[in-house]
2 protein chains.
Amino acid sequence: MYSIGELSRRTNVKVPTIRYYEQTGLMSVPERTHGNQRRYDNAGLERLTFIKHARELGFTIEAISSLIELQDNPDRSCEAATEIASAQLGDVRARIKKLRSLEKELARIARGCDGEGKSSDCYVLESLADHHHCQQAH
Amino acid sequence: MYSIGELSRRTNVKVPTIRYYEQTGLMSVPERTHGNQRRYDNAGLERLTFIKHARELGFTIEAISSLIELQDNPDRSCEAATEIASAQLGDVRARIKKLRSLEKELARIARGCDGEGKSSDCYVLESLADHHHCQQAH
DNA sequence: TGTAACACCTCTAGTAACTAGAGGTTCAAG
DNA sequence: CTTGAACCTCTAGTTACTAGAGGTGTTACA
């Protein structure tokens with residue numbers, strides 16, 4: 001049996017975050033000591049590890065909740081898990097695409113200014129105020 | 001002079017968001033009508049446009065506040081604006097790099113499961129529960 | 001046994017950038 | 001004048017945590 005602090009050290013998930021996961025339903029309510037302290041078994045450790053991996057991959061709490069439900073129901077179709085993972089993959093790809101666009105625009109802005117002038121002639125500030133830019137970005 | 005609704009329509013920034021920007025100090029407090037409604041001049045329109053562009057590029061409210069201060073002080077050095085823009089560019093690049101890594105891992109997970117099995121044999125769920133994966137990801 | 005340090009507890013509220021909704025007033029058109 | 005749309009302030013919610021206050025429990029040591 002692990003205390004919450006031991007669980008935190010083993011998984012690198014902070015104590016308040018573990019409590020948060022219990023509050024949001026991702027973690028089952030653990031046993032308590034006579035002194036009201038949480039005690040987790042190996043199933044709890046494995047569950048937290050699962051949650052941590054999924055969070056690292058960017059899955060939302062809601063998506064992780066769905067994945068856990070599938071895990072707890074071994075007869076369920078694997079299709080749902082695939083859909084959740086694929087949706088997340090698509091989301092990541094969309095975010096990459098958007099960030100690449102932002103990178104390009106920011107590089108243009110940052111490159112145009114060598115930092116030597118005054119802010120009254122600043123390319124960065126002018127670019128942000130540029131209505132021509134406004135029309136293109138929409 | 002523009003009402004807040006007109007400003008919203010011209011800039012595509014929502015009314016509550018404009019109020020939020022006023023609350024956070026990005027937008028100057030505008031004149032009011034006798035009926036207590038906000039009325040913005042062209043300077044207000046330009047300021048909101050500036051804020052919108054910067055938000056679209058991912059600058060935080062704090063960074064935008066700094067940029068606005070530079071804009072309002074034309075004798076200030078352009079260097080600060082360049083640093084803010086370059087920091088944002090670096091941040092965007094770091095996020096792209098991280099997302100690329102996530103994409104790769106998610107693609108591996110999603111590809112390994114054809115969605116035909118049961119969740120008890122699910123590659124997605126097994127990958128998330130995989131302690132070997134855990135060691136690599138840290 | 002008493003003490004002290006550390007770990008645990010619940011609860012409230014904050015973070016960032018909005019967003020939603022309640023309950024009210026103002027404005028403009030018919 | 002009436003009505004509907006737009007405006008107002010205020011409170012609270014969203015997501016995923018995080019911080020801190022005020023208290024209790026646990027363990028090691030004297």
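Proteins come first, then strands; the chains are lettered A, B, ... in the order of their sequence lines, and each starts at number 1.
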Determine the contact category for A/Thr24: base if any of its heavy atoms lies under 4.0 Å from a base atom, sugar-phosphate if only primed atoms, P, OP1 or OP2 are that close, otherwise nothing.
-> nothing
Test item: A/Ile84 and B/Val124 side chains (from C-beta on) under 4.5 Å apart, heavy atoms = no
Close side-chain approach of B/Leu57 and A/Ile109, heavy atoms under 4.5 Å = yes
Is there a side-chain contact between B/Gln37 and B/Arg32 (heavy atoms, below 4.5 Å)?
-> no
Determine the contact category for A/Arg19: base if any of its heavy atoms lies under 4.0 Å from a base atom, sugar-phosphate if only primed atoms, P, OP1 or OP2 are that close, otherwise nothing.
-> base
Pairs under 3.5 Å (N/O, protein and nucleotides 16-18 of chain D):
from   : atom 1 : to      : atom 2 : distance (Å)
D/dA16 : OP1    : A/Ile61 : N      : 3.3
D/dA16 : O3'    : A/Arg55 : NH2    : 3.4
D/dC17 : OP2    : A/Tyr21 : OH     : 3.0
D/dC17 : OP2    : A/Arg55 : NE     : 2.5
D/dT18 : OP2    : A/Thr17 : OG1    : 3.1

Contact under 4.0 Å: A/Thr33 side-chain N or O vs D/dT26 OP1/OP2 = yes
Expressed in angstrom and rounded to an integer, what is the separation of B/Glu6 atom CD from D/dA5 atom P?
-> 18 Å
Whole-Å gap separating C1' (D/dT15) and CD1 (A/Ile64) = 12 Å
Is B/Arg39 touching bases, backbone alone, or none of the nucleic acid, heavy atoms closer than 4.0 Å?
-> nothing
Contact boundaries on DNA chain C for chain A, cut-off under 4.0 Å to non-hydrogen atoms = C/dC8 to C/dT10
Please work out if A/Arg9 contacts a base, only the sugar-phosphate, or nothing of the nucleic acid, heavy-atom cut-off 4.0 Å.
-> nothing
State whether a side-chain donor-acceptor pair under 3.5 Å links A/Asn42 with A/Tyr2.
-> yes
Any side-chain heavy atom of B/Arg38 sitting closer than 4.5 Å to one from B/Glu31?
-> no
Check the surroundings of atom CD in A/Glu6: do more than 12 heavy atoms from other residues, nucleotides or ligands lie under 6.0 Å from it?
-> yes
Measure the shortest side-chain to side-chain distance between A/Tyr40 and A/Leu48 over non-hydrogen atoms and say whether it is less than 4.5 angstrom.
-> no
